[in-house]
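Only one structure is covered here, and it is reproduced in the block below.
Because only heavy atoms are used, hydrogens play no part in the values below, and waters and symmetry mates are left out as well, while side chains stay in. Here is the naming used below: chain letters follow the sequence lines, and residue numbers restart at 1 for every chain. Computed from a prediction, not measured in an experiment: that's the story for all the values here.
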There are 2 protein chains.
Amino acid sequence: MPRAIFEGIYRDLKGKIQEGSYAYQEFLPPESTLTEEYGCSRNALRRALSMLADDAYVQPMHGRGVRVIWQRKDHSTQGVLEGVESFGEYARRNGLEPSTSVKSFEHVVCSAGLAHRTGFAEGTELLRVVRVRSLDGVARQVDHDYFLASAAPGLTAEVAEESVYSFLEERLGMRILTSRRSITVQLATDEDCSYLELGPYNCVAVVESQSYNSDGVMFEYTQVRHHPDAFCFNTVSRR
Amino acid sequence: MPRAIFEGIYRDLKGKIQEGSYAYQEFLPPESTLTEEYGCSRNALRRALSMLADDAYVQPMHGRGVRVIWQRKDHSTQGVLEGVESFGEYARRNGLEPSTSVKSFEHVVCSAGLAHRTGFAEGTELLRVVRVRSLDGVARQVDHDYFLASAAPGLTAEVAEESVYSFLEERLGMRILTSRRSITVQLATDEDCSYLELGPYNCVAVVESQSYNSDGVMFEYTQVRHHPDAFCFNTVSRR
DNA sequence: GCCGATTTGTCCGTATGTATC
DNA sequence: CGATACATACGGACAAATCGG
């Protein structure tokens, strides 16, 4: 486990905040003290603090100190999307049993309209996959995935039934590093209604995302249509 | 304008990418070249690059180079929420005429239920404001704001009719630095329907946010209920 | 109001590690 | 293997904001 120093400090401080060693609204010890405690350089420590600030765990104040702004029960942490996370990882984190049903699996060539929607270049060979994903047997979302065919050799419907991400990462050694997302609300289509038990809702939450692998190549465009009851997206903004 | 070196480089590079000096999928010059061009240290340059990576403008690749992954017409930039942005800033950026109608303005004391929902401490004095916000005369969203009364002295219904943020920032010298958000989809309430012309939709996009000022004090909890047609939230994830 | 101590913010130069070519 | 390029880490310096006497 080759872990960077700043990452170790980051995790340690994060844990201490979560367990209450540093309480909500309290100030962390000054940088000078922490660098001594961790026996590291100021740069390494400051990088860890900066990551905690990105997570909205702390807020540094010029000339004053670093205040903890994380609080437990920050709304329940269940049923929440975070960062770049696959469906399976999400299920595991919430203690639910995931299952997937592949509804469609085909090769397509990227049309002009599709190019505009997805960001793939026109004429590119793509793999189109439609899947319904359930947790504990209840259908929660419909995935419409487009994979760059050249980047996913050996991807089959059987694989898609399991986890595409673990296939890409473990089999092909690909890493997903960056993902651009947009969230909208749309009227449910007949297809949505046939797959999801929408109950009183006539809308779904739609997350479109473009994902880039470690080569800086966009290899996936996904539109995920979520059941409103099974959708909560958390994020932090700073300026 | 006291601007940090890394920020100047960040803006310069960002502009060059947007105007096409560095094209999509192209590699930036290596760090060594860029530090020479900008006459700065490697640290300053790397910080700028790191910010561009956070914006999904570039993707650094170990041992290879830094590739541009931003592309123009990354879906239209209209009608899009970004970062910590007020309604007025958003309207101006999209060339629309904002207007606001205050529906309610009252002092309340934070109850146990409200404390759990908002994250304010029970018993805190709050200012509750309900506003309907329109663009070019069309109602787009209903805001339910709770402000920490002690942090917003002099806030009146008349001020709320204009911009609360510019009041807080310009009058009180407060800065909003960090904001935690969650996005969900909920059934429209009778109130939603009475304010927004929802048409075929029976749902709204709900953005809840907790905002912290420069003192690290949570001074605002907001629940904004958006018309589905007027809602698009963009974000970037990395891991 | 001033001054000095404390604390965070920015910046630099350098060294070493590691992945890619 | 060597050259290139990004990643991590250290130590030192000065600036800027805050606070207390």
Interatomic distance, [X] [atom1] vs [N] [atom2] [rounded to whole Å]:
{"X": "Phe27(A)", "N": "dT6(C)", "atom1": "CZ", "atom2": "P", "answer": "17 Å"}
{"X": "Arg47(B)", "N": "dC12(C)", "atom1": "CZ", "atom2": "P", "answer": "12 Å"}
{"X": "Glu36(A)", "N": "dT7(C)", "atom1": "CD", "atom2": "C1'", "answer": "15 Å"}
{"X": "Gln59(A)", "N": "dT8(C)", "atom1": "CD", "atom2": "P", "answer": "13 Å"}
{"X": "Leu49(B)", "N": "dT8(D)", "atom1": "CG", "atom2": "P", "answer": "13 Å"}
{"X": "Phe6(A)", "N": "dC10(D)", "atom1": "CZ", "atom2": "P", "answer": "11 Å"}
{"X": "Asn43(A)", "N": "dG12(D)", "atom1": "CG", "atom2": "P", "answer": "12 Å"}
{"X": "Leu28(B)", "N": "dT4(D)", "atom1": "CG", "atom2": "C1'", "answer": "16 Å"}

Task: Distance in Å, Leu45(A) CG paired with Ile5(A) CD1, rounded so as to fall on 0.5 Å steps - done: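 Here the interatomic distance stands at 11.5 Å.
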Task: Check: Leu126(A) and Leu148(A) side chains under 4.5 Å, non-hydrogen atoms - done: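 When only atoms from C-beta onward are counted, Leu126(A) and Leu148(A) do touch, with a gap below 4.5 Å.
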- [ ] Nearest-nucleotide wise, let me know which of Gly39(A) and Arg42(A) is further upstream toward the 5' end of DNA chain D.
- [x]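 Final value for this comparison: Gly39(A).
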Task: First of Arg175(B) and Val66(B) reached from the 5' end of DNA chain D, by closest nucleotide - done: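 Looking at DNA chain D, the more 5' nearest nucleotide goes with Val66(B).
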Given [options], identify the nucleotide with an atom nearest to the side chain of [X].
{"X": "Cys40(A)", "options": "dC11(C), dA9(D), dC10(D)", "answer": "dC10(D)"}
{"X": "Glu31(B)", "options": "dC10(D), dA9(D), dC6(D)", "answer": "dC6(D)"}
{"X": "Arg46(B)", "options": "dA9(D), dT8(D), dT8(C)", "answer": "dT8(D)"}
{"X": "Pro30(B)", "options": "dC10(D), dC6(D), dT8(C)", "answer": "dC6(D)"}

Open item on the list: Would you call the rings of Tyr57(A) and Trp70(A) parallel, tilted or perpendicular, taking 30° and 60° as the class edges?
Closed with: parallel
TODO: On DNA chain C, check which nucleotide each of Pro29(A) and Ile5(B) is closest to and give me the residue with the more 5' one.
DONE: Pro29(A)
TODO: Could you please name the partner base of dC1(D), counting Watson-Crick and G-U wobble pairs only when both distances are under 3.5 Å?
DONE: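 The answer is none; no pair meets the criterion.
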Open item on the list: Would you say Arg64(A) places a side-chain N or O within less than 4.0 Å of OP1 or OP2 belonging to dT8(C)?
Closed with: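 For Arg64(A), the contact criterion (side-chain N or O under 4.0 Å from OP1 or OP2 of dT8(C)) is not met.
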Open item on the list: Regarding Arg72(B) and Tyr24(B), do their side chains bring together a donor and an acceptor under 3.5 Å, going by distance alone?
Closed with: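 The answer is no; no qualifying pair exists.
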Open item on the list: Just by distance, no angles: are the side chains of Arg180(B) and Gln210(B) close enough, under 3.5 Å, to form a donor-acceptor pair?
Closed with: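 Checked: Arg180(B)/Gln210(B) side chains pair up, N/O donor to acceptor below 3.5 Å.
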TODO: Look at the side chain of His62(A) against the base of dA16(D) and say whether a donor-acceptor pair falls under 3.5 Å; ignore hydrogens and angles.
DONE: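 When only heavy-atom distances are counted, His62(A) does reach the base of dA16(D) through a donor-acceptor pair under 3.5 Å.
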